[in-house]
There are 2 protein chains.
Amino acid sequence: MLSQSEENYLKAIFSIELSNAKTVSTTLIAKNLSTKASSVTDMIKKLADKNLVNYEKYKGVKLTSEGKEIALNIVRSHRIWEVFLVDKLNYNWDEVHDLAEQLEHIKSTTLIDKLDKLLGFPKHDPHGDPIPTEAGEIEPINGKPIPNFKEGTIGRIIHIEDEPEIIYKQILAEDLHIGSQLHIVENNEKRVVFHSEGEEYVLAPIVANNITITELLKEEFSEEKSFRLSNLKNGEEAKIIGISRECRGEIRRRLLDLGFVINTKITVDLTSPMNNPRAYLVRDTSIAIRNEQAKFILIEKIKTHAKSH
Amino acid sequence: MLSQSEENYLKAIFSIELSNAKTVSTTLIAKNLSTKASSVTDMIKKLADKNLVNYEKYKGVKLTSEGKEIALNIVRSHRIWEVFLVDKLNYNWDEVHDLAEQLEHIKSTTLIDKLDKLLGFPKHDPHGDPIPTEAGEIEPINGKPIPNFKEGTIGRIIHIEDEPEIIYKQILAEDLHIGSQLHIVENNEKRVVFHSEGEEYVLAPIVANNITITELLKEEFSEEKSFRLSNLKNGEEAKIIGISRECRGEIRRRLLDLGFVINTKITVDLTSPMNNPRAYLVRDTSIAIRNEQAKFILIEKIKTHAKSH
DNA sequence: ATAAATTTTTAGTCTTGTCTAAATTTTTGA
DNA sequence: TCAAAAATTTAGACAAGACTAAAAATTTAT
Ligand SMILES: [Mn+2]
Ligand SMILES: [Mn+2]
Ligand SMILES: [Mn+2]
Ligand SMILES: [Mn+2]
């Protein structure tokens with residue numbers, strides 16, 4: 001049975017191997033775990049003794065198949081716990097990482113599979129990361145960070161990295177979401193500018209690097225037609241095209257119960273003094289929800305001059 | 001922030017204080033934690049430095065109010081996790097203790113309260129132990145172990161201790177359940193004999209000591225009328241009086257869905273070669289369930305010669 | 001009351017995981 | 001190519017927790 005510390009080292013090595021680093025060096029591991037290189041050397045020797053990594057002095061380290069299997073299991077555990085915390089306990093997706101760092105080390109041969117079942121065998125965690133299967137297979141992430149794409153690219157956010165926390169919080173503050181489509185209009189060493197859901201975003205490249213997107217063909221892109229309900233202006237008419245993937249569990253169910261279902265027409269009905277909450281007219285009913293919820297509802301604006309006969 | 005080890009010591013001291021021990025001695029703590037007295041002395045000094053226990057050399061140890069609060073929180077956490085594992089993940093009540101020993105140490109200010117809410121604010125864990133409130137109040141257990149009662153006593157099982165494991169497994173093998181009513185017919189140093197749900201049980205006093213009961217007045221006792229469905233004989237007629245408290249979550253819901261609801265009349269319909277499963281006639285429908293499930297259904301036999309006119 | 005038995009503490013070690021400082025190896029770049 | 005810089009390892013130390021053996025205190029039993 002491995003200690004928590006050993007497990008964390010394996011996980012760190014695994015994540016460095018997945019990144020585009022040539023070799024998994026002592027320093028990279030130390031940085032990843034916020035520890036010192038000398039501590040890493042000590043631990044690597046122990047892991048090599050246990051046949052979990054191959055290690056040659058000064059040459060970096062590589063997981064053995066046994067070590068990789070363990071790392072994948074920890075990743076699986078971490079991500080399933082994150083889904084549990086968001087779906088079942090109604091945490092926000094930005095609150096669950098540290099808790100999952102603890103929960104991933106709980107030792108049990110059955111717990112994770114039972115949780116997986118309870119959650120309906122989710123494929124992705126709340127940050128968009130794929131969850132390895134019981135057999136240790138993991139879907140490759142085929143997107144790249146925003147700064148890798150050239151100006152004019154149209155893409156969809158598939159992943160937002162939750163570490164380091166400072167950058168993560170910044171992205172959250174900007175109100176960017178997994179699933180959002182975007183259009184890159186400027187990209188240089190100073191800044192990255194893109195349009196998404198009717199807003200313009202300006203990010204430093206370091207920040208933008210934590211946002212992974214897949215490129216969309218021009219045809220796939222719904223030409224700036226996809227917005228969040230919170231963006232709907234008074235007098236505009238829209239059609240609901242879905243509830244954002246990052247909204248799950250109880251809140252999602254509640255929104256569906258309230259009638260925010262696909263293809264439903266919607267307009268702004270009443271506005272409160274602070275513009276929050278606002279009431280929307282859905283299926284002849286006025287329903288007031290706060291903007292935090294309205295952000296989860298994806299809409300497509302309808303040209304208002306085209307009245308239904 | 002306390003270490004897991006420190007938390008375990010506080011929990012051990014708390015549980016010894018709750019028992020009828022005069023003083024919480026080094027040896028008792030060592031026994032409780034399966035460690036050595038010298039280790040205990042070391043740790044007690046540390047806890048005393050942190051003002052979690054009062055300690056005077058050779059005189060035993062006592063939790064301070066601060067220490068007691070922490071201990072109560074760990075107990076709360078442990079028992080809520082046990083409920084989660086049984087109710088949501090469909091573990092059996094005899095499988096959850098060790099996992100809860102790990103989960104109770106997860107650090108979070110919000111996690112346990114969210115879990116508590118998800119579970120519907122349970123009052124007791126799957127072993128019948130009361131769950132302390134957020135404020136640290138705990139319902140006193142007012143029962144006593146079976147050997148404390150004299151012959152002739154009628155009682156109801158309110159708690160089955162899950163440690164030590166050997167004794168616990170023995171009780172499980174005997175098929176005794178929280179909520180069962182029993183009638184003590186013999187009680188001496190050699191053995192304890194009682195009747196419950198149509199069966200006679202003979203236990204060694206050490207084993208019987210792990211079963212806590214409350215005494216019932218003669219009137220409260222349904223005079224041997226309360227049985228488990230698995231005890232119903234061919235040709236007998238019975239009325240369902242409930243589903244046993246130890247059956248929770250998905251399985252309970254399923255049994256209710258199948259029509260095993262209170263006041264329903266029931267008879268044995270068909271019997272399979274091994275007598276398991278058996279089919280029962282409920283509301284004009286024949287439903288086959290296995291004995292393991294039938295044990296959860298509490299019935300009251302109806303005298304068959306009294307036909308409903 | 002006092003010797004024997006038991007309990008508790010102390011002293012000294014060991015393991016795990018971490019750190020700093022120093023030594024060694026590898027990489028960089030003039 | 002070779003000195004300087006950077007990366008890596010080694011040596012030595014420390015804190016947490018646990019253990020054994022021995023010393024000290026307390027309890028028990030004559
Ligand atoms: Mn995470
Ligand atoms: Mn994640
Ligand atoms: Mn338990
Ligand atoms: Mn319990």
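Below, read A as the first sequence line, B as the second, and so on, with proteins coming before strands; counting in each chain starts at 1.
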**Q** Tell me whether the side-chain N/O atoms of B:S39 come closer than 4.0 Å to OP1 or OP2 in D:dC19.
**A** yes
**Q** Tell me whether the OP1 or OP2 atom of D:dA18 has a side-chain N or O from B:Y9 closer than 4.0 Å.
**A** yes
**Q** Is A:L203 close to A:F194 at the side-chain level, that is, under 4.5 Å between some pair of heavy atoms?
**A**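 Yes, at least one pair of side-chain atoms sits under 4.5 Å.
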**Q** What is the distance, to the nearest angstrom, from the CG atom on A:L28 to the C1' atom on D:dA6?
**A**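 Rounding to the nearest Å, CG of A:L28 and C1' of D:dA6 are 13 Å apart.
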**Q** Of B:E161, B:E82, B:R79, which meets side-chain hydrogen bond (donor to acceptor under 3.5 Å, both in side chains) against B:H127?
**A**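 Considering B:E161, B:E82, B:R79, a side-chain hydrogen bond (donor to acceptor under 3.5 Å, both in side chains) with B:H127 is found only for B:E82.
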**Q** Just by distance, do the side chain of B:T212 and the backbone of B:K144 share a donor-acceptor pair under 3.5 Å?
**A**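 It does not hold such a pair.
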**Q** So what does B:S5 touch, heavy atoms closer than 4.0 Å: a base, only the sugar-phosphate, or nothing?
**A**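 Contact class for B:S5: sugar-phosphate only.
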**Q** To the nearest Å, give me how far apart CD (A:Q4) and C1' (C:dT15) are.
**A**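 In whole Å, C:dT15 C1' lies 17 Å from A:Q4 CD.
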**Q** Take atom CG of B:D49 and atom P of D:dA16, then tell me their distance rounded to the nearest Å.
**A** 11 Å
**Q** Counting any heavy atom closer than 4.0 Å, what does A:T26 reach on the DNA or RNA strands: base, sugar-phosphate only, or nothing?
**A** sugar-phosphate
**Q** How close or far is atom P of D:dT20 from atom CG of B:D42, stated in whole angstroms?
**A**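 So the CG-P distance, B:D42 to D:dT20, works out to 13 Å.
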**Q** So, for B:H159 and B:H124, is the gap between ring centers shorter than 6.0 Å?
**A** no
**Q** List the steps and the verdict of side chain to side chain contact (heavy atoms under 4.5 Å, CB included) for B:D98 and B:Q102.
**A** CA-CA 7 Å; B:D98 292 346; B:Q102 295 181 61; 5.8 Å; no
**Q** How many whole angstroms separate atom CD of B:E56 from atom P of D:dA25?
**A**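 One finds 14 Å between P of D:dA25 and CD of B:E56, rounded.
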**Q** Take the protein atom OH of B:Y55 and the nucleotide atom C1' of D:dA25, then report the distance between them rounded to whole Å.
**A** 12 Å
**Q** Whole-Å distance between D:dA7 C1' and A:I29 CD1?
**A**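 For the pair A:I29 CD1 and D:dA7 C1', the rounded distance is 13 Å.
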**Q** Take B:E134 and B:R76 through the side chain to side chain contact (heavy atoms under 4.5 Å, CB included) test and state the conclusion after the steps.
**A** CA-CA 8 Å; B:E134 241 184 289; B:R76 174 173 158 79; 3.6 Å; yes
**Q** Starting at NZ of B:K36 and ending at C1' of C:dA11, how long is that distance when rounded to a whole Å?
**A** 17 Å
**Q** Can a side chain N or O of B:K45 be found less than 4.0 Å away from OP1 or OP2 on C:dT9?
**A**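 No, because none of the side-chain N or O atoms of B:K45 sits under 4.0 Å from OP1 or OP2 of C:dT9.
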**Q** Polar pairs (N or O, both sides) under 3.5 Å between protein and nucleotides 21-27 of chain C?
**A**
unit_1, atom_1, unit_2, atom_2, d
C:dT25, O4', A:Y58, OH, 3.3

**Q** For A:F84 and B:F84, I'd like to know if the aromatic rings sit close, meaning centre-to-centre distance below 6.0 Å.
**A** yes
